[in-house]
Undergrad: 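The structure under discussion is supplied below as structure tokens; questions concerning it will follow.
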There are 2 protein chains.
Amino acid sequence: MNENNKLASSIGKMPTMADVARVAGVSPMTVSRALRKHQFVSTKTMERIEHAVDQLGYVLDKSAGALSSRRTGFVAALVPSLNNSNFADTVRGITSGLTQSGRQVLLGYTDYSIENEEQLIEGMLRWRPEGIIVTGGRHTARARKLLQNAGIPVIETWDLPPNPIQNVVGFSNAEACRALVYRLYERGYRKIAFLGGTTTRDTRGADRRLGYQRAVDELGLPPGRVISFGSPPISMQQGGEAIVLLLRQWPDVDAVVCVSDLSAFGAIAECQRRGLDVPDRIAIAGFGDFEVARCSHPRITTVAVDAEAIGQLAAGQLIRALDSKDLNTPETLVVPFTVLERESTRKA
Amino acid sequence: MNENNKLASSIGKMPTMADVARVAGVSPMTVSRALRKHQFVSTKTMERIEHAVDQLGYVLDKSAGALSSRRTGFVAALVPSLNNSNFADTVRGITSGLTQSGRQVLLGYTDYSIENEEQLIEGMLRWRPEGIIVTGGRHTARARKLLQNAGIPVIETWDLPPNPIQNVVGFSNAEACRALVYRLYERGYRKIAFLGGTTTRDTRGADRRLGYQRAVDELGLPPGRVISFGSPPISMQQGGEAIVLLLRQWPDVDAVVCVSDLSAFGAIAECQRRGLDVPDRIAIAGFGDFEVARCSHPRITTVAVDAEAIGQLAAGQLIRALDSKDLNTPETLVVPFTVLERESTRKA
DNA sequence: CTGTTAGCGCATTCAG
DNA sequence: CTGAATGCGCTAACAG
């Protein structure tokens, strides 16, 4: 009998809990309990079950368990990209927090498109996640509706949406960038430009530009010095190309705020190639506190946000919402940002 | 009756296919067929079903479908990290190839630990993926066993394992690094050092070191100039710290091969900070063709591998294996690498 | 083109 | 501490 089972499993059909139960001489229910370690099973039967599991090479089928218990253990997480971005850190924060609570993260990246996001949300909802974490506060109308109707905790991150769906873990990109411009102003810079992408696909980038413009207005600085170059998120390479255009258009610029550290780095390297000293000829700042900003020469002035903490906080919020089963008291967590002055804007 | 359903669903229970069927006045099976678009359903009933779906806000439950059809549509993919690494590109290649075929990628990162990998493999197997893509050829004994017994296509990437489990998409990191050292030799460098991490956790890094050592032996160069610094993968920052130790220990070194572009970049920036010209005083090369290597000043000599292509090829291989249901003819795909000489090793 | 029957593999619920 | 009955929501297989 046991022989039969072992044979069957080696032929291609995976063994089931019933197979384990038969080999161990107990009921399937006891196996289920033993494997989940929730309920109590005597040490003796436990051992026999473990032995049977080893013998058969049994692996629990969560998808069946999910159907039965109506708890998939999935959490969906959507980020714009994984490449060279702070979002990879956020994902790490999310997964570390969530896997500890025994949940699986279903990861998707939108490539900075809310249309893609809508598709992904719909696709993930089919797997009945217990919660969903998205990036940003801008979504298609249908995506919003899907999220609202899903009946699960929703967390928007990396932004402070004017109209949150439920929970939020973020900060104001506009405020952060505004603070950076103010700091440059304090250091004596007066002809400050902004370098970013061409569209508002990257809503955080767009918000940063808004913050720049607000600061320039408030401070009475010459406005309109905005270079839009390339489809966001703009790369190091594009940062290098854009700074050339910028200097051609406004040769008197004394400081540039870039939409991210990557474009800032590209801009600095291009300046160095052309013999323009940074920061003596021109100061350049970025955003995000990427590693390259900490290690490059000169080190790059930037705005630091703890991307991993955003993920951890989101995970924590989600777990709490799941435990309390209370979707009625959404909370907004504002994470701090810090302007880090470094060598790339050190006035002589 | 319909009213009842709508009410029930708004109370918290999600509508099921049976609800849709009732509202549309058809059988659940017809709804199932309509929603999958596989089989034929008359335009008329199709419309009624679509209407019912909208009305109820119904979302297909794939986890139930998976159990019934015994096809989850999941593919598991494990990478060492997502942060600042080529693996994010590989993941993009994998997902783009796989989502087109209607499959979901379950992503996991091992943090360069084969023990973590084992845990992740076991965890993912519980979701009954239809295939699994792993990074590298080194696994724990139990992990190997799990993979072999899973009865699904297995693909190892980024390496050429001496003992492949099944399919492989990779290249020889040792050969690639060896080729780089040879190129430096051709350019006249004779005192060539290697800069990498302290352990063999990062097996690809360890292989690169092997390739370096082989080349040095073959060329009769002074051997043993290896700096091991920090737990792999070593960062930009660690690259900067390591180059200081290296120059202290072997001041006559004329070229350094770094285990990755990140550490190479950190090393270069540190040299610049200390007034040591790169490449005139010392040449520095990296590995991986990261964007920073293409944009920095000087641009960094490196070995390029198409990380995204690795992912796409792995996805393609997986889909083919799934379609042919033939796990008996594993294939190894060797992807090319290219040594890219750039400014950081340009001899005066 | 559509419906009926049966069951995927497990966990919940209630009994012992 | 253990077992039996029941059903999660869907789809395969067959029948109309």
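Labels below follow one simple rule: chain letters A, B, ... track the order of the sequence lines, proteins then strands, and each chain is numbered from 1. Keep in mind that this is a model prediction, so the values were computed, not measured.
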Undergrad: Expressed as a whole number of angstroms, how long is the span from A:Leu35:CG to C:dT12:C1'?
TA: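 Distance check: A:Leu35 CG to C:dT12 C1' gives 17 Å.
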Undergrad: Which residue is it: B:Ile94, B:Ile133, B:Val75, B:Val168? I am looking for the one with a side chain to side chain contact (heavy atoms under 4.5 Å, CB included) to B:Ile155.
TA: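 Only one option passes, and that is B:Ile133.
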Undergrad: Would you list the pairs meeting side-chain hydrogen bond (donor to acceptor under 3.5 Å, both in side chains) in which at least one residue belongs to residues 125-138 of chain B, sequence neighbours left out?
TA: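 Output for this query lists B:Arg103-B:Glu130.
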Undergrad: May I ask you to decide if the ring planes of A:Trp158 and A:Phe87 are parallel, tilted or perpendicular, using 30° and 60° as cut-offs?
TA: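 Ring orientation, 0 to 90° scale: perpendicular.
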Undergrad: Under the side-chain contact (heavy atoms from CB on, under 4.5 Å) rule, collect the residues that match up with A:Ile132, sequence neighbours excluded.
TA: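 A:Ala76, A:Ile121, A:Val134, A:Leu147, A:Ile152, A:Val154.
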Undergrad: Tell me the interatomic distance from B:Arg126, atom CZ, to C:dG9, atom P, rounded to whole angstroms.
TA: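 Answer to the nearest Å: 17 Å.
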Undergrad: Does any donor atom in the side chain of A:Thr95 or B:Tyr109 lie under 3.5 Å from an acceptor atom in the other side chain?
TA: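 Side-chain D/A pair, A:Thr95 to B:Tyr109: present.
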Undergrad: Does a nitrogen or oxygen in the side chain of B:Ser42 sit under 4.0 Å from OP1 or OP2 of C:dT2?
TA: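 Looking at the OP1 and OP2 atoms of C:dT2, one of them is under 4.0 Å from a side-chain N or O of B:Ser42.
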Undergrad: Would you say C:dT2 has OP1 or OP2 under 4.0 Å from some side-chain N or O of B:Thr45?
TA: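 For C:dT2, OP1 or OP2 has a side-chain N or O of B:Thr45 closer than 4.0 Å.
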Undergrad: What closest approach, in Å, do A:Ala18 and A:Pro28 show between heavy atoms, and which atom pair accounts for it?
TA: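 Scanning both residues, the minimum pair turns out to be CA-CG, 4.5 Å.
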Undergrad: Please list, pair by pair, any protein nitrogen or oxygen found under 3.5 Å from a nitrogen or oxygen in nucleotides 7-11 of chain D.
TA:
residue: D:dG7; atom: N2; partner: A:Ser68; partner atom: OG; Å: 2.9
residue: D:dC8; atom: O3'; partner: A:Arg70; partner atom: NH2; Å: 3.2
residue: D:dC8; atom: O2; partner: A:Leu67; partner atom: O; Å: 3.4
residue: D:dC8; atom: O2; partner: A:Ser68; partner atom: N; Å: 3.2
residue: D:dG9; atom: OP1; partner: A:Arg70; partner atom: NH2; Å: 2.2
residue: D:dG9; atom: N2; partner: B:Ala64; partner atom: O; Å: 3.3
residue: D:dC10; atom: OP1; partner: B:Tyr58; partner atom: OH; Å: 2.1
residue: D:dC10; atom: OP1; partner: B:Asp61; partner atom: N; Å: 3.4
residue: D:dC10; atom: OP2; partner: B:Met17; partner atom: N; Å: 2.4
residue: D:dC10; atom: O2; partner: B:Ser68; partner atom: OG; Å: 3.1
residue: D:dT11; atom: OP2; partner: B:Ser32; partner atom: OG; Å: 2.5
residue: D:dT11; atom: O4'; partner: B:Ser68; partner atom: OG; Å: 2.7
residue: D:dT11; atom: O2; partner: B:Ser68; partner atom: OG; Å: 3.3

Undergrad: For B:Thr30 and C:dT2, is the shortest distance between a side-chain N/O and OP1 or OP2 below 4.0 Å?
TA: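 For C:dT2, neither OP1 nor OP2 has a side-chain N or O of B:Thr30 closer than 4.0 Å.
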